[in-house]
Amino acid sequence: MSATEKGNETAQGDCVDTQLDSGLMAEGPSPSSQVAPSQVTGDSDPDKYRYNMNYTSIGRCVIINNKNFKKKGLDTREGTDKDADQAEKTFRWLGYDVKTFKDLKVAKMVTELTKVSKEDHSKMASFVCVLLSHGEDKVIFGTDREVELSELTSLFRGDRCATLVGKPKLFFIQACRGKEFDDGIVGMSLGDSEAIEAEESTPRIPVEADFLYGYSTAPGYYAWRNAQNGSWFIQSLCSILEEFGKQLELMQLMTRVNNMVALSFQSTNSKSSLHAKKQIPCIVSMLTKELYFPK
């Protein structure tokens with residue numbers, strides 16, 4: 001087989017990039033031809049690593065609060081109104097234009113988020129969506145049935161929502177992701193732009209870029225919610241945002257949320273199978289820059 005034929009083959013795993021510069025392999029330059037990071041990135045401009053938040057508006061925040069369900073087996077989510085109220089208060093304080101929806105069927109969830117995705121966000125810096133509902137791995141429930149989370153979040157991808165291209169899109173999801181409980185373990189130490197024009201000269205941005213997903217729990221696990229005080233995750237998120245949200249970068253904020261949920265909460269229940277359980281949120285980031293909320 002010729003070298004050209006080899007280069008055009010695609011393995012069953014990752015794909016082979018045939019458009020290589022200077023004969024370098026896709027994994028990166030060989031040791032003898034490496035260049036200094038500063039030559040590649042040109043990091044003399046510190047702002048290139050920060051999202052531009054200097055817009056007319058910081059953006060929209062959509063909260064979907066599903067409490068009462070028609071589908072059998074899904075209990076009423078007592079305490080979720082506390083989460084919705086606190087999230088609305090917190091994101092308004094950050095400057096977002098907040099709209100809250102209650103008890104939506106899946107079709108209505110898709111309809112309302114589609115409407116928002118088709119709005120003109122060109123004068124807005126970002127977008128936030130807070131989803132409060134029952135869930136399982138990769139799905140969340142409307143009041144009538146389940147829907148793939150990706151069906152909702154993909155409405156804001158770069159190829160479907162042009163005026164949010166290159167801008168942060170934040171999804172905070174309070175829902176179970178499975179049926180496992182986290183028993184915890186005693187630790188050894190617990191110390192302290194406008195739409196991109198289709199021109200060759202314009203940098204291309206991956207359609208999945210600039211998303212952050214803040215899940216209330218790790219894959220496969222239950223998420224905890226107190227009937228009086230709300231969920232561990234949303235209450236911690238709002239607490240950290242209100243205390244540090246105009247000082248720290250977003251990933252620092254989310255790390256503090258993880259810390260609060262992991263160390264400050266433990267379930268108390270008369271059933272031994274539900275007693276003394278723990279939880280750790282899961283932050284999945286495709287952000288390409290640092291995000292600081294405006295002061």
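The shortest non-hydrogen separation linking Cys238 to Thr90 is CB-OG1, 3.2 Å. Between Gly142 and Met109 the shortest heavy-atom distance is CA-SD, 3.6 Å. Nearest heavy-atom pair, Glu249 versus Leu291, reported as atom, atom and distance to 0.1 Å: OE2-N, 2.8 Å. Counting all heavy atoms, side chain and backbone alike, Cys161 lies closest to Leu155 at CB-O, 3.8 Å. Nearest heavy-atom pair, Pro168 versus Tyr51, reported as atom, atom and distance to 0.1 Å: CD-CD2, 3.5 Å. The two residues Gly214 and Ile283 make their nearest non-hydrogen contact at CA-CD1, 4.0 Å.
Counting only distance, with no hydrogens or angles, the side chain of Arg145 and the backbone of Val106 share no donor-acceptor pair below 3.5 Å. A donor-acceptor contact shorter than 3.5 Å is absent between the side chain of Gln266 and the backbone of Ala262. Counting only distance, with no hydrogens or angles, the side chain of Ser239 and the backbone of Ser236 share no donor-acceptor pair below 3.5 Å. Using modelled atom types, no side-chain atom of Lys246 and backbone atom of Phe293 make a donor-acceptor pair closer than 3.5 Å. In terms of modelled atom types and a separation under 3.5 Å, the side chain of Ser285 and the main chain of Leu287 share a donor-acceptor contact.
Residues Tyr213 and Thr153 meet the side-chain proximity criterion, which asks for heavy atoms closer than 4.5 Å. The shortest side-chain heavy-atom distance between Lys82 and Gln235 falls under the 4.5 Å cut-off. With contacts defined as side-chain heavy-atom distances shorter than 4.5 Å, the pair Thr217/Ile280 does not qualify. The shortest distance between side-chain heavy atoms of Phe91 and Val130 falls below 4.5 Å. Side chains of Thr268 and His275 form a contact here, defined as non-hydrogen atoms less than 4.5 Å apart.
Ring geometry, Phe127 versus Phe156: the interplanar angle falls under 30°, so the pair is classed parallel (tilted spans 30 to 60°). Note on ring orientation: taking the six-membered ring where Trp is involved, the planes of Phe181 and Tyr222 are parallel (angle under 30°, cut-offs 30° and 60°).
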Next item on the list: May I have the step-by-step check of salt bridge (charged side-chain N to carboxylate O under 4.0 Å, His left out) for Lys167 and Asp210, ending in yes or no?
Entry: CA-CA 6 Å; Lys167 300 175 183 180; Asp210 303 302; over 6 Å; no
Next item on the list: Would you please test Thr143 and Asn66 for side-chain hydrogen bond (donor to acceptor under 3.5 Å, both in side chains) and show each step?
Entry: CA-CA 7 Å; Thr143 58; Asn66 290 339; 6.0 Å; no
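Cluster partners of Val139, using a side-chain heavy-atom cutoff of under 4.5 Å among ILVMFWY residues and allowing indirect links: none. Here Phe141 sits in one hydrophobic cluster together with Phe69, Leu74; the rule is ILVMFWY side chains under 4.5 Å apart, joined directly or through other members.
Residues Asn65 and Asp81 have side chains that bring a donor and an acceptor to within less than 3.5 angstrom of each other. Side-chain contact of Tyr96 with Ser126: a donor-acceptor pair under 3.5 Å is present, judged by distance alone. A side-chain donor from one of Ser154 and Arg160 sits under 3.5 Å from a side-chain acceptor of the other.
Exactly one of Arg225, Arg77, Gln174 qualifies for a side chain to side chain donor-acceptor pair (under 3.5 Å) with Ser231. That residue is Gln174.
With sequence neighbours excluded, the residues satisfying ring pair (Phe, Tyr, Trp, His ring centres under 6.0 Å) with Phe265 are Trp232. For Glu242, the salt bridge (Lys or Arg N to Asp or Glu O under 4.0 Å) partners at least two apart in sequence or on another chain are Lys89. Lys271 is linked by a side chain to side chain contact (heavy atoms under 4.5 Å, CB included) to Asn269, Ser273, Leu274, counting only residues two or more places apart in sequence or in another chain.
For Glu208 and Arg157, the salt-bridge test passes: some basic side-chain N is under 4.0 Å from an acidic carboxylate O.
Under the side-chain hydrogen bond (donor to acceptor under 3.5 Å, both in side chains) criterion, the residue pairs touching residues 97-113 are Arg60-Asp97, Asn68-Asp103, Glu88-Thr100, Lys108-Glu112, with sequence neighbours excluded.
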